[in-house]
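Okay, so here's the structure we're looking at.
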Amino acid sequence: MLIKSAILANATELERIYSLSFESNASFFPDDMEEEDDESDEDFSFESAIMMPDKTVLGLWINDHLIGGAVITDNSTGIHSLDRLFILPEEQGKGYGLHAWMEIEDMYPDAKEWTLRTPTCLINNVCFYVNKCGFIIVRVEDMGNDGVGMYVFSKKTS
């Protein structure tokens with residue numbers, strides 16, 4: 001796998017892959033799920049993220065095929081946020097996500113801590129981040145009446 005910084009020409013394909021990845025998890029969300037008014041997520045685009053100085057957008061490549069991506073925010077205090085990590089549904093379960101995460105960690109030797117958030121109903125994500133990547137759940141935020149909230153994860157580095 002090749003992991004490299006995304007360029008503007010990759011933005012549309014990253015949007016497509018992210019949408020497919022998100023849609024592949026739709027069955028895990030309750031039918032009566034409340035929609036959040038999270039403006040930061042609504043305003044997100046890969047094109048704008050590529051241009052932001054505090055964000056790094058990465059493309060995950062197998063041969064010449066873009067199969068996924070990641071978005072990292074660096075707050076310049078050594079605490080980095082993994083905003084998104086996504087793989088095409090047909091490429092999931094092949095170890096690419098773990099491989100990508102391990103390489104991302106190596107790309108940031110100055111990181112003191114990593115954080116991320118994922119919906120409480122996506123147990124596959126929770127298992128991946130806790131059991132494979134070494135994160136711990138530090139709290140639950142935004143718990144709605146539908147029972148879906150966001151797990152907040154942390155991973156301290158040495």
Side-chain angles (χ1 to χ4, degrees), residues 1-7 10-29 38 40-41 44-142 148-158:
M1 174 186 296
L2 176 64
I3 299 176
K4 62 182 181 178
S5 292
I7 59 173
N10 303 134
T12 301
E13 183 63 4
L14 286 169
E15 288 281 355
R16 186 186 77 80
I17 294 169
Y18 179 73
S19 291
L20 290 171
S21 178
F22 187 81
E23 289 166 12
S24 73
N25 284 315
S27 65
F28 298 107
F29 289 95
D38 187 355
S40 64
D41 208 39
F44 178 86
S45 77
F46 285 94
E47 189 173 301
S48 63
I50 289 169
M51 303 301 291
M52 292 178 179
D54 67 331
K55 293 207 184 289
T56 300
V57 179
L58 301 170
L60 312 178
W61 300 80
I62 297 297
N63 300 320
D64 291 333
H65 186 64
L66 185 61
I67 64 154
V71 180
I72 294 117
T73 298
D74 176 2
N75 73 1
S76 72
T77 65
I79 300 173
H80 301 295
S81 174
L82 179 63
D83 299 337
R84 288 170 171 69
L85 176 60
F86 54 97
I87 308 279
L88 276 169
E90 62 267 22
E91 299 296 344
Q92 292 175 8
K94 298 179 181 180
Y96 296 136
L98 179 58
H99 182 85
W101 172 246
M102 291 168 44
E103 282 199 36
I104 289 167
E105 275 192 299
D106 287 345
M107 293 169 69
Y108 292 88
D110 64 323
K112 296 176 189 165
E113 181 181 0
W114 284 93
T115 63
L116 68 92
R117 293 169 33 116
T118 197
T120 57
C121 60
L122 295 182
I123 298 303
N124 56 335
N125 285 8
V126 174
C127 292
F128 172 74
Y129 290 119
V130 171
N131 297 335
K132 302 264 182 176
C133 301
F135 282 84
I136 60 169
I137 298 169
V138 293
R139 68 182 173 278
V140 178
E141 295 179 341
D142 305 327
V148 177
M150 295 295 284
Y151 283 125
V152 178
F153 294 80
S154 173
K155 181 177 183 179
K156 306 265 192 226
T157 60
S158 34

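Quantities reported herein were computed from a predicted structural model and do not represent experimental measurements.
Heavy atoms from other residues, nucleotides or ligands lying under 6.0 Å from CD of Glu103 number more than 12. The number of heavy atoms from other shown groups lying within 6.0 Å of NZ (Lys132) does not exceed 12. Enclosure of atom CE in Met107 by more than 12 non-hydrogen atoms of other residues, nucleotides or ligands within 6.0 angstrom is indicated.
Side-chain contact between Glu91 and Ile62 is absent, with no heavy-atom pair separated by less than 4.5 Å. Under the 4.5 Å side-chain criterion, counting only non-hydrogen atoms from C-beta, Leu60 is in contact with Ile3. Two residues are said to be in side-chain contact when any heavy atoms from C-beta on lie closer than 4.5 Å; Asp110 and His80 meet this criterion. Here the side chains of Leu58 and Ile72 are in contact, with some heavy-atom distance below 4.5 Å. Using a 4.5 Å cut-off on side-chain heavy atoms (C-beta onward), Met52 and Thr73 make no contact. Side-chain contact check for Ile17 versus Glu13: some heavy-atom pair is nearer than 4.5 Å. Between Tyr151 and Val130, every side-chain heavy-atom pair lies at or beyond the 4.5 Å cut-off. Contact annotation: the side chain of Ser21 never approaches that of Leu88 to less than 4.5 Å [non-hydrogen atoms, C-beta and beyond].
Here the shortest heavy-atom pairing between Phe153 and Ile137 reads CE2-CG1, 3.5 Å. In plain terms, the two heavy atoms of Asn75 and Gly78 that are nearest each other are OD1-N, 3.9 Å. Closest of all the heavy-atom pairs between Leu82 and Leu85 is CD2-CB, 4.1 Å. Nearest approach of Pro89 to Leu20, heavy atoms of both residues: CG-O, 3.5 Å. Pairing each heavy atom of Val138 with each of Ser154, the nearest pair is CG1-CB, 3.7 Å. When all heavy atoms are compared, the tightest approach of Leu14 to Gly69 is CD2-CA, 4.1 Å.
A distance of 7.5 Å separates NZ of Lys156 from CD1 of Ile136, quoted to the nearest 0.5 Å. Expressed to the nearest 0.5 Å, how far CG of Leu122 lies from OH of Tyr129 amounts to 10.0 Å. Put simply, CD on Glu47 and OG1 on Thr12 are 7.0 Å apart, with the number rounded to the nearest 0.5 Å. To the nearest 0.5 Å, atom CZ of residue Arg117 and atom CE of residue Met150 are 4.5 Å apart. We find the NZ-CE distance between Lys94 and Met1 to be 10.5 Å, quoted to the nearest 0.5 Å. Distance OG1/Thr77 to CD/Glu113: 8.5 Å, rounded to 0.5 Å.
At distances below 3.5 Å, at least one donor-acceptor pair connects side-chain atoms of Thr120 with backbone N or O atoms of Gly149. Between the side chain of Thr157 and the backbone N or O of Ala111 there is at least one donor-acceptor pair closer than 3.5 Å. Checked by atom type and distance alone, the side chain of Gln92 pairs as donor or acceptor with a backbone atom of Ile87 at under 3.5 Å. Remark: the backbone N or O of His65 is not paired with any side-chain donor or acceptor of Asn63 at under 3.5 angstrom.
Using cut-offs of 30° and 60° for the angle between ring planes, the Trp114 and Trp101 rings count as perpendicular.
Remark: Phe86 engages Tyr18, Phe46 in a ring pair (Phe, Tyr, Trp, His ring centres under 6.0 Å) (not counting sequence neighbours). Contacts of Asn125 classified as side chain to side chain donor-acceptor pair (under 3.5 Å), with partners at least two apart in sequence or in another chain: Thr118.
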